[in-house]
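Just below is one structure, and these are the notes that go with it.
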Amino acid sequence: MLIRIDEASERPIYAQIADSIRGDLAAGRLRAGETLPPAREVAAALRINAHTVLHAYQALRDEGLVDLRRGRGAVVTDRVAGLAELHVQAVALAERATILGIGPEALAALVSHAGRRAGAPVAARATRPATGIAPERPQEDR
């Protein structure tokens, strides 16, 4: 596993570390049950504070991709299989967008919108159709 960071980037270093690990998980270079390197080792190799690495590991834990265990470190969870599947689908989507002439920013906006929509409660989605008009509700008999 090779963790890459760009010190010139405006993106926080912990987020870059999490992104790099996420990429390895999605590409299948890390599998369920494997342990990530200790935060101190990563920090020493990157010449950064160990708390920055721990912050990245905690972000991955919050996403359910790793389980932080005292004495065992950060262990990749079974949820990584779904991430790898989504990665394949994302590559296909990006290729299709390129064919259609849709740029990365527009595609990212579409995916972000879809993600927000998918995250809405089912009842809320049912009352907010794409037209912006609420569905008709049957009148009650009086």
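At distances below 3.5 Å, at least one donor-acceptor pair connects side-chain atoms of R4 with backbone N or O atoms of L2. With hydrogens and angles disregarded, a donor-acceptor distance shorter than 3.5 Å links the side chain of T77 to the backbone of L65.
Listed by chain and residue number, nothing satisfies the salt bridge (charged side-chain N to carboxylate O under 4.0 Å, His left out) test with E41 (two or more places apart in sequence, or in another chain). Every residue meeting the side-chain hydrogen bond (donor to acceptor under 3.5 Å, both in side chains) condition with S112, not counting sequence neighbours, appears here in chain and number order: R116. Remark: R11 pairs with D19 by the side-chain hydrogen bond (donor to acceptor under 3.5 Å, both in side chains) rule, at least two apart or across chains.
Within the model, atoms CG of D24 and CD1 of I3 stand 8.0 Å from one another, a figure rounded to the nearest 0.5 Å. A distance of 6.0 Å separates CD1 of I17 from CD1 of I5, quoted to the nearest 0.5 Å.
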Please tabulate, one pair per line, all N/O donor-acceptor pairs under 3.5 Å involving side-chain atoms of residues 85-96, not counting sequence neighbours.
none

Side-chain polar contacts of residues 42-60 - donor-acceptor pairs under 3.5 angstrom, sequence neighbours left out - could you list them?
from	atom 1	to	atom 2	distance (Å)
N49	OD1	H51	N	2.7
Y57	OH	P37	O	2.5

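The heavy-atom pair separating R79 from E63 by the smallest distance is NH1-O, 2.6 Å. For the pair R22 and L83, the tightest heavy-atom approach, listed with the atom from each and the gap, is O-CD2, 3.8 Å.
In this structure the side chain of V80 never reaches within 4.5 angstrom of the side chain of L30, judged on heavy atoms.
Grouping the Ile, Leu, Val, Met, Phe, Trp and Tyr side chains by contacts below 4.5 angstrom, directly or via other members, places I13 with V66.
Through direct or indirect side-chain contacts shorter than 4.5 Å among Ile, Leu, Val, Met, Phe, Trp and Tyr, Y14 is connected to no other residue.
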